[in-house]
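Before any comments, here is the structure.
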Amino acid sequence: MTVNRTVFGRPLRSLAFDVLVSGVVALLAVAAVVSQPGGVPATLVGCAMAVALLWRRVHPSAVAAVVAGLAMVQVIAGWGPLAYDIGVLIALYSVVKYAERLRDGVLAGIVAAIGVLLAASQTVGNAAWWATAIYFALVTGGVWLAALNVRTRRLYVLSLEERAATLEREREAEARAAVAGERARIARELHDVVAHSMAVMIVQADGARYLLDQDPETARAAVKVVADTGRQALEEMRRLVDVLREPGPAEPPATAEASDDAGVAADPEHRRPAVAELPALLDRFRDAGLRVRHTVTGEPAALPPGLDLTVYRVVQEALTNALKHAGVGASVTVTLEHVPDVVVVRVVDDGHGRPPVGPAPSGGHGLVGMRERVGVYDGSLVAGPRLAGGWRVEARLPLPSTPGTEVVA
């Protein structure tokens with residue numbers, strides 16, 4: 001594993017390289033202190049350039065301005081081009097490569113061109129002046145173009161890294177959304193499997209306790225309902241846990257809800273409840289004390305497995321709420337209406353049952369779960385009290401254009 005150490009907020013390798021570059025410039029300035037024009041003052045200018053180059057990566061524009069000012073001092077003093085003037089080219093390269101705006105590099109190039117003319121004008125002879133100017137221009141232009149090429153490649157790599165980071169963030173966001181959707185689906189299934197059955201069991205257990213001494217036969221029947229409901233809830237819970245344990249085929253997140261319902265319903269070992277099992281569901285609620293009447297109108301259409309399950313769960317939730325709140329003995333009408341392109345589920349109770357012995361248990365998410373299920377298929381749900389008393393739940397679920405085809409959520 002590579003450890004990327006930093007010193008003063010800069011990578012150690014970059015800092016070491018910058019120190020080496022500055023050291024070379026300073027060495028060139030000191031080595032010619034005796035022979036170069038200007039003597040010690042020129043050496044001090046070269047050392048100042050070397051010190052400024054230490055910050056060429058973090059403050060390239062400022063370093064370029066300082067080095068240009070020191071070079072101008074050299075030109076005004078008439079010392080001519082010296083060995084340490086390589087620091088000018090290094091500063092030019094740095095500002096083109098590292099500056100945030102390329103405009104700073106262009107401005108530095110213009111200043112360098114002026115400096116080339118001024119430096120060449122100090123050479124002896126007209127022919128030598130032009131030759132020197134051309135030579136300096138070629139060297140300076142080559143450095144500027146090389147820096148521009150490196151800058152372009154550097155920005156391209158940075159853009160690729162940023163794009164990769166953005167894609168990674170998007171993948172993480174999609175994964176979090178998928179996890180949240182899966183958690184919501186599992187919570188909805190657990191509510192359907194557990195809360196409904198537990199509500200029936202609690203109501204029946206309270207009634208059995210209340211009637212245990214007064215009417216043993218009725219109490220015994222209530223206890224039987226508790227046992228039967230518990231067994232069925234346990235069986236559904238086992239099926240749900242088995243489904244969650246078994247990995248399914250990869251599928252797009254947008255269709256995961258529908259395809260999951262279809263795949264589970266198609267597996268006979270993990271069969272989920274469907275509309276065909278409504279009579280058995282209604283019988284269980286009749287055993288629990290509701291007076292349920294079931295009617296079907298229109299020509300029944302073949303429903304996709306997920307939509308089939310949604311109809312079943314809406315009826316189950318509405319009957320559970322009727323048992324909890326309307327009470328034992330309430331009359332409930334369950335209507336399944338098939339009209340062109342729409343299936344309507346309507347559950348209406350009269351609210352005239354016996355009040356529950358204890359407070360009505362509630363999972364707290366029944367209506368929310370129904371709305372979520374209906375919303376997956378672009379349906380609508382209306383639930384509320386009736387003027388004549390009781391409660392009414394009505395769900396309208398559009399049918400897919402092709403029979404057996406799931407609606408994409």
Side-chain angles (χ1 to χ4, degrees), residues 181 184-185 188-189 191-193 196 251-266 271-285 290 292-323 326 330-351 365-388 390-409:
R185 186 185 70 82
R188 186 164 57 242
E189 291 298 325
H191 177 272
D192 290 339
V193 172
H196 299 153
E251 51 195 358
T255 60
E257 175 93 23
S259 58
D260 178 76
D261 287 340
V264 174
R271 177 181 50 81
R272 287 189 177 181
V275 173
E277 299 181 30
L278 279 180
L281 175 68
L282 301 183
D283 287 340
R284 287 199 299 273
F285 278 98
L290 290 179
V292 183
R293 187 166 62 93
H294 180 213
T295 60
V296 178
T297 62
E299 185 66 25
L303 302 179
L307 189 59
D308 205 28
L309 175 63
T310 297
V311 173
Y312 181 93
R313 292 303 192 195
V314 168
V315 174
Q316 184 184 36
E317 176 65 41
L319 290 176
T320 302
N321 289 339
L323 179 62
S331 296
V332 185
T333 300
V334 178
T335 304
L336 198 59
E337 182 179 348
H338 297 274
V339 295
D341 301 327
V342 177
V343 58
V344 181
V345 183
R346 188 178 300 109
V347 181
V348 180
D349 69 79
D350 60 4
H365 302 284
L367 288 177
V368 174
M370 279 197 289
R371 293 190 190 279
E372 289 178 351
R373 282 192 178 276
V374 171
V376 166
Y377 297 95
D378 295 327
S380 61
L381 179 74
V382 177
R386 301 167 60 233
L387 293 177
W391 194 268
R392 172 176 172 267
V393 174
E394 181 176 316
R396 300 181 65 87
L397 295 161
L399 296 177
S401 55
T402 302
T405 301
E406 289 285 2
V407 178
V408 177

Residue that, paired with V347, satisfies side-chain contact (heavy atoms from CB on, under 4.5 Å) out of L336, V332, T335: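 Among L336, V332, T335, the one meeting side-chain contact (heavy atoms from CB on, under 4.5 Å) with V347 is V332.
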Heavy-atom pair of closest approach, residues [X] and [Y]:
{"X": "G351", "Y": "A326", "value": "CA-CB, 3.8 Å"}
{"X": "V314", "Y": "A395", "value": "CG1-CB, 4.2 Å"}
{"X": "P398", "Y": "Y377", "value": "CD-O, 3.4 Å"}
{"X": "Y312", "Y": "A274", "value": "CD1-O, 3.1 Å"}

Distance (rounded to the nearest 0.5 Å) between [X] [atom1] and [Y] [atom2]:
{"X": "T320", "Y": "Q316", "atom1": "OG1", "atom2": "CD", "answer": "5.5 Å"}
{"X": "T310", "Y": "L303", "atom1": "OG1", "atom2": "CG", "answer": "9.5 Å"}
{"X": "F285", "Y": "L290", "atom1": "CZ", "atom2": "CG", "answer": "7.0 Å"}
{"X": "E317", "Y": "M370", "atom1": "CD", "atom2": "CE", "answer": "5.0 Å"}
{"X": "L397", "Y": "D341", "atom1": "CG", "atom2": "CG", "answer": "13.0 Å"}
{"X": "L381", "Y": "E394", "atom1": "CG", "atom2": "CD", "answer": "9.0 Å"}

Verdict with supporting geometry, L307 and L399, side-chain contact (heavy atoms from CB on, under 4.5 Å): CA-CA 8 Å; L307 189 59; L399 296 177; 3.8 Å; yes
Residues T297, V344; criterion side-chain contact (heavy atoms from CB on, under 4.5 Å); working and verdict: CA-CA 10 Å; T297 62; V344 181; over 6 Å; no
Polar side-chain atom of [X] near backbone of [Y] as donor-acceptor pair, under 3.5 Å:
{"X": "D308", "Y": "V275", "value": "yes"}
{"X": "R346", "Y": "T333", "value": "no"}
{"X": "R396", "Y": "V342", "value": "no"}

Test side-chain contact (heavy atoms from CB on, under 4.5 Å) applied to R284 and L319, step by step: CA-CA 10 Å; R284 287 199 299 273; L319 290 176; over 6 Å; no
Whether over 12 other heavy atoms sit under 6.0 Å from R386 CZ: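 More than 12 heavy atoms, drawn from other residues, nucleotides or ligands, come within 6.0 Å of this atom.
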